[in-house]
Each structure stands twice: as C-alpha cells, then as structure tokens.
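Contents: one structure, followed by commentary.
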Amino acid sequence: MYQDNYEDEEFAGNIDVVAGTYANIDDTEDGGMDDEEMLLQAQAGAQSIPEPVRKFLGHLHRNVLSSNVNDLAYNYETQFTRLSEKFFAKSAWPDPHYVAALVGDDGLFLTLYRELYYRHIYSRLHPSLETRFRSFENYCDLFNYILNSDGPIELELPNQWLWDIVDEFIYQFQSFCTHRMRVGKRTAEEIELLRDNQQVWSTYGVLNVLYSLIQKSNISQQLAAGQQGGDVVEAAGGFGARPLYKMLGYFSIVGLVRVHCMLGDYTLALQTLENIDLGNSRGLFTRVTACHVTVYYYVGFAYMMMGRYADATQAFAHILTFVMRTRHYHQRSHQFDTVNKKAEQMYALLAVAVSLSPTRVDELIHGHLREKYGDQQHRIQRGGEEAVEVLSDLFLYSCPKFIVPNPPNYDDLEAAAAAMEPQAFQLQVFLREARLQLVVPMLRSFLKLYTTMSLDQLAAVLEIDRAELRNQLMVYKQRCRQVRWTSGPDLLNGEPALATDLDFALQEDMIIIAESRVGRRYADWFIRNANKMQDLIANLETLQKSAATGAGSAKAEGAPADASTVEA
C-alpha cells in the first residue's frame, strides 16, 4: 500500500524534471524526409481533411488566440464531440503535422490540439506504447509552458476543458501503470523500451505536476483566506488571480485525491481536501459536473475503506440525489456517459455501505437502490461466505483502478508477472474490515423483531452458544459506533456517534432492544411532486400556445386548420 506523505516542498523544483528524451524513439515520424518534402506532405494531408473539420479547426484556432471562452466552450463541448462521432468514430483525428499547415504552425495551439488528438485515441482506439510516450511528452510541453513562464500566460480555456486536461492526465497515468505491469503481454522490444524510459509517466513526475500547479496558483492560500474572511486577491498573487491558473490548481487538488486513492492512501486523500468545504453548495467543484461527482465518489470510497460507513453513505446519497435531480440537464452533454457510469458505481458502493452499516437514506435513493441491488443486500444480511462473495463482486465492479507506483522488475519477468494485482490487494484490505462488520446486519435483522429477548433464545435461533453470542453482541456494539463528520473542511475529524437506528443493552441474560424511528418526511415528497406538476402545466401551456398559433396561421392563409393541431 502506498504510504508516503508527499509535502509541497518536495515538488517545488522546476517542472522540467518530468520531461526527458526517450531512448530508442526517433524524434521524427517522417522517415528522414527533408523539410520541403515534409511541407508538401503536410499540405497534401491538410487538403485531405474534411471541410467541416477544417472550418472547426480554424474557428478553434481563432478563439484560442482571442481567448473567447464562450465560443471555445461551444467548440469544445459540442462541435468537437459531434465531429468525432461523424468523421472519426473509429479512427484518429487528423495528424498534428497536417493541422500545422492550417494554423500557421502555431505551437501553443498544436499542443492543445495534440491533447485532444491523443485523448480521442485513448477513448476510441487502442493506444500503442509510442502513442503513450508521445502523449506524455505533449503534456510535459503544455505544463512546462504554463508553469515556467516569467509571468502569467495569455491563455484562457473553459472550465470543462481545464478539468478534462487534469482528469485525462491522471487517467493516462493510471492506464500506463496498468499497461507496464502486465509484462507477460509485452514484447521484448516493449520491455526494453520500458526499461530504458522509466521516467515516463513516473509517479513522482505526475505528483510533481499536480503539486506544482497547486503551488503556482496559490489555490490553497486562496481557499484558506476565503474560509477565514481574509483577502483572497492578495493571497492569489499574480498567477493565482488568472482563471487559468486558479482553476488548474483547484482541479489539481481534486486530481490528487484521485491519485492518492488509486495508490491506496485514503487518509492522505481526505487530508488533501482540507481547504475545500464540501458543505458549500457554491464551491468551485460544482462548476463542472464531472468534477462534482468525482469529488464525492473518491471521498465516499475513502471513507468506506477506512471503515466509516455512515460517512460513506452520506457522501454517496448526497451526490446520487444531485445526479438524479439534474440528469435531464446533462443528457446531451459529452460528459453524460462518464457521470452516469460513475453514478452506477456509486449505487453499488452505497449498497455495500448500507448493508454493512444499515441506516436510512432518501426514499427516492432507497427505491433505486432496492431495485438495483435488493437481492445482493439480502444475501449480505444473511452473512457467511455468500455475503463475502457478493461484497467482492460489488467492490471489484465499483472500485477505482488501483495502481502500483513503481515499475516492475524487468530483470525478473516471472516474478513481476506473478506479483499480486493491486485490485486483489485492495480487495483483501476491504474484506478484512468487512468480515468483522458482517455481524451488524445479521444480528440487526433478528434484534429488530423484538423489544426484549433472552440470550438463550437468540443463541438458539442463531444456533451458536451463549459465549459466542455474547462476543458477537459486543462486536455489534463496538461496530455501531463510528466517527462521523458533521461539517467543516476537515473531513478526517468528527464525533463518535451511533451509526445505526437499532441499539440494545445487556442486563445479565436479557437483551433490551431500542429502535429509534424517524418520522417520514413529507415535505420532500410534496415539493418533488409540486415541481412535476409545474413542469406538466408548463408543457400543456406550451402545447396550447403552439396549437393556437398553428390554427391562427391556417386561418390567415384561408386554409382549414390541420385536424391534429386542433385536437392538440
């Protein structure tokens, strides 16, 4: 398990350390052609690009130069997705060499374009090892340009694009770590290439980038000043006052939470969010839906791995309620599939957390949970090896993609191939804690049937002896008290509290059971249905106006109104 606590000072050096030259990889892909031949080939390639794509690249280039954020957002979120579906569903976007001929060889724009180009390959195709190296090199160029300039650069990008840059950077790092660990599937040439270029996609390099973005933007100082009522502008400094640096720094904090969870350090993951108040509904993380969902997913997962199931349930239920209520706003968004997939994973994690530590959740969420995982929850409550098998399946489906921070030993490929997968190791860590917690749902299902019960009666029902039952009751008592976060930016703090609605006291040989019943909340039900009624009335009014307009137009033209229009 990854345990090192990295401090900001370790990464305060020049960001150039993450970039390097790659052994055995040619700097050009043109087979030794001279400049004139390369120019002619680029011009011919540019002419082969479909006309709509050329127009899009021209608009995108002009908007990058003018820092037109609104038009850039439309280009990026809508047009790029549509053109990808239409022209490049099963192929890569035009080669950057060809695009260079269209944009006057603009270095900054080509770096941004390559970021989109490689990201599309990762999402639609199977990237080769050389493509993975080239993409890392392009990210180094981009971050070097942003971080090593004498002053803030003149570049503005929409928040969604900035988030996707950080998110994709971490995803490609995770993908590369998984790729290099599977030494049994690599050729001898690939093994040699990986051996000679161990600095590519190194854990230190990725952490260096994220910490450098945080430090350059002074985002931690800005957030702390905002919480303490200080001067945020003064804390921001020259770089942090620019939206590009501020949002990249902020998204890097969220990215660090993800990286630490992938490395298995859940305490450090929660510590990373010490200056971000999740209780603030107007926090910067809410500006990008994918960022909003990602924060709560990793916070909830970290809580669950630390045995704080009540806090995990609260985190998952909160964000799933948000996703459910805003789903129809994001159906046409390019990030809808990503958010929807993450929501499905969180339903599985919520089923695990609620099963191991039963508690009440929102009725709407509870209904969906029962529909999706009702059978699995019943099997977990019965305990035994069947429950462990269900927990294993749900965990492997919904957990993050864990990674090993260090490259394998290329000198002993057999041992590297036989090494335990990080997914299997984290599953063992989870099941070690979950096996102890399984006594809670099993005993609760029997105790809630009675108000008083003798030890002998319950022991006979469970078919165990009194001493073993007494031990299980003590485990139940201890497991039902958890540290619960209430408010504030420090997610690790909290107060010990009863994490279930069923408690008991043991007086000699008699079990006295007390269940706290919370009255149903009718306000949410009425508000939800009132909103539905308002939407229905608005739709009917719109249809009525459309029908009246159509009838008026038909009458003005002297023609009879269409029957379907009149009926509407």
Side-chain angles (χ1 to χ4, degrees), residues 70 73-74 77-79 81-82 85 159-160 278-283 285-297 300 313-351 354 359-375 377 517-557 559-568:
N70 291 331
Y74 175 72
E77 297 178 25
T78 303
Q79 289 184 309
T81 304
R82 290 177 180 174
E85 293 288 345
N159 290 335
Q160 181 65 55
L278 295 185
N280 183 6
S281 60
R282 296 185 178 181
F285 60 87
T286 62
R287 296 186 181 183
V288 178
T289 302
C291 177
H292 192 177
V293 173
T294 298
V295 168
Y296 275 92
Y297 170 79
T313 299
Q314 182 180 357
F316 292 137
H318 173 85
I319 193 60
L320 286 172
T321 302
F322 166 80
V323 171
M324 188 175 300
R325 291 178 178 175
T326 60
R327 184 182 299 272
H328 60 285
Y329 293 111
H330 304 291
Q331 287 182 348
R332 296 183 180 180
S333 172
H334 74 284
Q335 58 182 332
F336 175 76
D337 291 339
T338 302
V339 171
N340 196 45
K341 179 181 178 182
K342 196 62 69 178
E344 292 300 320
Q345 290 180 302
M346 285 191 286
Y347 271 115
L349 292 174
L350 181 60
V354 171
T359 186
R360 286 183 173 85
V361 295
D362 181 83
E363 290 186 14
L364 192 60
I365 298 297
H366 178 71
H368 281 269
L369 197 62
R370 184 172 53 192
E371 179 183 345
K372 292 176 180 291
Y373 298 105
D375 180 60
Q377 287 183 292
R517 297 184 179 272
V518 179
R520 296 186 63 182
R521 298 179 180 179
Y522 297 99
D524 290 341
W525 187 88
F526 280 109
I527 291 173
R528 187 161 53 246
N529 284 276
N531 290 334
K532 289 182 179 179
M533 179 61 69
Q534 288 179 353
D535 292 340
L536 179 60
I537 292 173
N539 290 334
L540 290 174
E541 289 178 348
T542 302
L543 290 174
Q544 185 178 14
K545 290 178 181 179
S546 299
T549 303
S553 300
K555 185 180 294 185
E557 295 173 1
D562 182 69
S564 61
T565 305
V566 175
E567 289 177 2

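Between Tyr296 and His292, the ring center distance clears the sub-6.0 Å criterion.
Annotation for Val354 and Thr359: closest pair CG1-O, 4.1 Å, computed over non-hydrogen atoms. In terms of heavy atoms, Ile365 sits closest to Tyr347 at CD1-OH, 4.0 Å. Counting all heavy atoms, side chain and backbone alike, Ala315 lies closest to Gly300 at CB-CA, 3.9 Å. The two residues Met346 and Tyr297 have their closest heavy-atom pair at CG-CD1, 3.5 Å. Residues Ala317 and Val361 approach most closely at CB-CG1, 4.5 Å, considering heavy atoms. What you find for Ala343 and Val323 is that their closest heavy atoms are CB-CG1, 4.2 Å.
The line from OG1 of Thr289 to CD1 of Ile319 is 8.5 Å long, rounded to the nearest 0.5 Å. Note that NE2 of His368 and CD of Glu371 are 6.5 Å apart. Values are rounded to the nearest 0.5 Å. Distance check: Thr81 OG1 to Phe336 CZ gives 14.0 Å after rounding to the nearest 0.5 Å. The structure places CG of Leu349 at 10.0 Å from OG1 of Thr313, a figure rounded to the nearest 0.5 Å. Taking CG from Leu320 and CZ from Arg325, the interatomic distance works out to 12.0 Å, rounded to the nearest 0.5 Å. In this structure, Thr338 OG1 and Lys342 NZ are separated by 8.5 Å, a value rounded to the nearest 0.5 Å.
Within the 4.5 Å cutoff, the side chain of Gln377 has heavy atoms near those of the Leu369 side chain.
Residues satisfying the side-chain hydrogen bond (donor to acceptor under 3.5 Å, both in side chains) criterion with Gln314, sequence neighbours excluded, are absent altogether.
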Using the rule given for side-chain contact (heavy atoms from CB on, under 4.5 Å), can you reason through Tyr373 versus Leu350, listing the C-alpha separation, both sets of side-chain angles and the distance that settles it, and then say yes or no?
CA-CA 10 Å; Tyr373 298 105; Leu350 181 60; over 6 Å; no
Candidate pair Thr321 and Leu364, rule side-chain contact (heavy atoms from CB on, under 4.5 Å), full reasoning:
CA-CA 8 Å; Thr321 302; Leu364 192 60; over 6 Å; no
